[in-house]
Amino acid sequence: MGSIWQNLPVILDGLRLTIQYSIVAILLMVVIGLFAALMRLSTVAPLRWIATGYVEIFRSTPLLVQLFFIVLGLPAILPVNQWFGQLTYPILAAAFTLSLNEGAYVTEIIRAGILGVDRGQKEAAQSIAMNGFQTMRYIVLPQAFKRMIPPLVNQAAQTIKDTSLLAPVGIAELVYKGEIVIAETFASFAIWGLIAALYFVLIFSLSKFSSYLERRLQVDKR
């Protein structure tokens with residue numbers, strides 16, 4: 001217990017970083033997923049091809065490999081460290097790679113949610129002279145969003161857990177800070193137990209918030 005209390009500030013700093021990365025990745029993955037989903041549903045073939053290629057590439061390769069490729073591999077062929085800064089580029093690249101990976105899954109969640117809206121709703125919108133953008137903005141997306149809440153929350157929880165994969169590429173977060181403490185104290189059981197408990201609290205809180213949101217919006221799970 002002494003090792004935990006003495007090093008608690010370090011662990012909590014790692015938790016803060018994990019929360020920050022998670023928030024950024026979750027926000028970006030929703031934005032990326034929305035645009036990619038609309039591209040996949042587009043009548044313009046090149047847009048569909050680009051979105052499909054993005055989804056298939058990021059869903060068919062491990063996140064850790066993507067992180068190694070973009071964070072550590074890209075600087076070997078492009079002067080990205082000079083463009084963004086030696087210390088800044090790895091953080092930006094890791095956060096963006098995580099967002100792209102999670103966004104590929106969100107793309108399919110949003111696409112399925114949009115396709116799940118009854119076609120009659122779209123036809124009714126067109127009958128009152130709504131254009132495609134207005135129909136999507138005011139009719140389709142609000143209804144689809146309610147159905148998307150449970151899978152989106154599941155993906156957000158997965159994103160929080162996936163932040164642990166930032167440690168192998170040298171990005172400071174909860175696991176990275178925990179490894180530093182363990183290297184100094186050798187209290188691996190206690191520190192890993194604390195880290196697991198902190199992840200549990202984060203994801204359990206997110207799950208409870210999801211349940212509250214579903215009740216408020218009266219989500220139909222059928």
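Given the structure is predicted, the values throughout are model-derived calculations rather than measurements. Below, all heavy atoms of this structure are taken into account, side chains as well, without hydrogens, waters or symmetry copies.
- Here Ala37 pairs with Thr107, Ile110, Arg111 under the side-chain contact (heavy atoms from CB on, under 4.5 Å) rule; sequence neighbours left out.
- Nearest approach of Ile70 to Ala93, heavy atoms of both residues: CG2-CB, 4.1 Å.
- For the pair Val106 and Gly33, the tightest heavy-atom approach, listed with the atom from each and the gap, is CG1-CA, 4.0 Å.
- Looking at every heavy atom in both residues, Ala167 comes nearest to Glu173 through CB-OE2, 3.2 Å.
- To the nearest 0.5 Å, atom CD1 of residue Ile26 and atom OG of residue Ser99 are 9.5 Å apart.
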Next on the checklist: Working note: Ile149 + Ser210, criterion side-chain contact (heavy atoms from CB on, under 4.5 Å); need CA distance, chi angles, decisive distance, verdict.
Outcome noted: CA-CA 7 Å; Ile149 288 176; Ser210 170; 4.1 Å; yes
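- Closest heavy-atom contact between Gly113 and Met148: CA-CG, 4.1 Å.
- Listed for the Thr18 side chain is a donor-acceptor partner under 3.5 Å among the backbone atoms of Gly14.
- Judged by distance alone, the side chain of Ser60 and the main-chain N or O of Ile57 form no donor-acceptor pair under 3.5 Å.
- Of all heavy-atom pairs between Gly85 and Pro90, the closest is O-CD, 4.3 Å.
- In this structure, Leu63 shares a hydrophobic cluster with Leu17, Tyr21, Leu64, Leu67, Phe68, Val71, Leu72, Ile91, Leu98, Leu165, Leu166, Val169, Ile171, the cluster being traced through Ile, Leu, Val, Met, Phe, Trp and Tyr side chains under 4.5 angstrom apart.
- Residues satisfying the ring-ring contact (aromatic ring centres under 6.0 Å, His included) test with Phe200, not counting sequence neighbours, are Phe204.
- Here the side chain of Thr159 pairs no donor or acceptor atom with the backbone of Ser22 at under 3.5 angstrom.
- Considering only residues two or more places apart in sequence or on other chains, Arg16 meets the salt bridge (charged side-chain N to carboxylate O under 4.0 Å, His left out) condition with Asp13.
- Grouping Ile, Leu, Val, Met, Phe, Trp and Tyr by side-chain contacts under 4.5 Å, direct or through others, puts Leu47 with Met39, Val44, Ile50.
- Partners of Val65 under the side-chain contact (heavy atoms from CB on, under 4.5 Å) rule, at least two apart in sequence or in another chain, are Pro62.
- Note on Leu41 and Ile109: same hydrophobic cluster, where clusters join Ile, Leu, Val, Met, Phe, Trp and Tyr whose side-chain heavy atoms are under 4.5 Å apart, directly or indirectly.
- How far CD1 of Ile160 is from CD1 of Ile19: 8.0 Å, rounded to the nearest 0.5 Å.
- Residues Leu115 and Phe35 fall into different hydrophobic clusters, defined by Ile, Leu, Val, Met, Phe, Trp and Tyr side chains chained together at heavy-atom separations under 4.5 Å.
- Put simply, Ile77 and Phe84 are part of the same group of oily side chains (I, L, V, M, F, W, Y) that touch within less than 4.5 Å, one to the next.
- Note: the hydrophobic cluster containing Val30 also contains Ile23 (ILVMFWY, side chain heavy atoms under 4.5 Å, direct or indirect links).
- Residue-environment remark: CG (Leu87) stays at or below the threshold of 12 foreign heavy atoms within 6.0 Å.
- The salt bridge (charged side-chain N to carboxylate O under 4.0 Å, His left out) analysis of residues 35-51, with sequence neighbours excluded, yields the pairs Arg40-Glu108.
- Formation of a donor-acceptor pair under 3.5 Å by the Tyr54 side chain with backbone atoms of Leu100 is found in this model.
- For the residue pair Met29 and Leu152, the shortest heavy atom distance occurs at CE-O, 4.3 Å.
- Looking at residues two or more places apart in sequence or on another chain, you find a side-chain contact (heavy atoms from CB on, under 4.5 Å) between Ile182 and Ser188, Ile191, Trp192.
- The side chain to side chain contact (heavy atoms under 4.5 Å, CB included) test with Leu15 singles out one residue from Val201, Leu202, Val10, Ile195, and that residue is Leu202.
- Looking at residues two or more places apart in sequence or on another chain, you find no ring-ring contact (aromatic ring centres under 6.0 Å, His included) involving Phe96.
- Ile180 belongs to a hydrophobic cluster with Tyr176, counting contacts under 4.5 Å between side-chain heavy atoms of Ile, Leu, Val, Met, Phe, Trp and Tyr, direct or through other members.
- Qualifying side-chain contact (heavy atoms from CB on, under 4.5 Å) partners for Gln158, counting only residues two or more places apart in sequence or in other chains: Glu102, Gln155, Lys161, Asp162.
- Cluster membership check: Trp5 shares its hydrophobic cluster with Leu194, using side-chain heavy-atom separations under 4.5 Å among Ile, Leu, Val, Met, Phe, Trp and Tyr.
- Legend: side chain to side chain donor-acceptor pair (under 3.5 Å) pairs involving residues 64-90, not counting sequence neighbours, sorted by first then second residue: Thr61-Gln66, Gln66-Asn101.
- Expressed to the nearest 0.5 Å, how far OG of Ser211 lies from CG of Leu206 amounts to 9.5 Å.
- Looking at heavy atoms from C-beta onward, Ile114 lies in side-chain contact with Leu38 at the 4.5 angstrom threshold.
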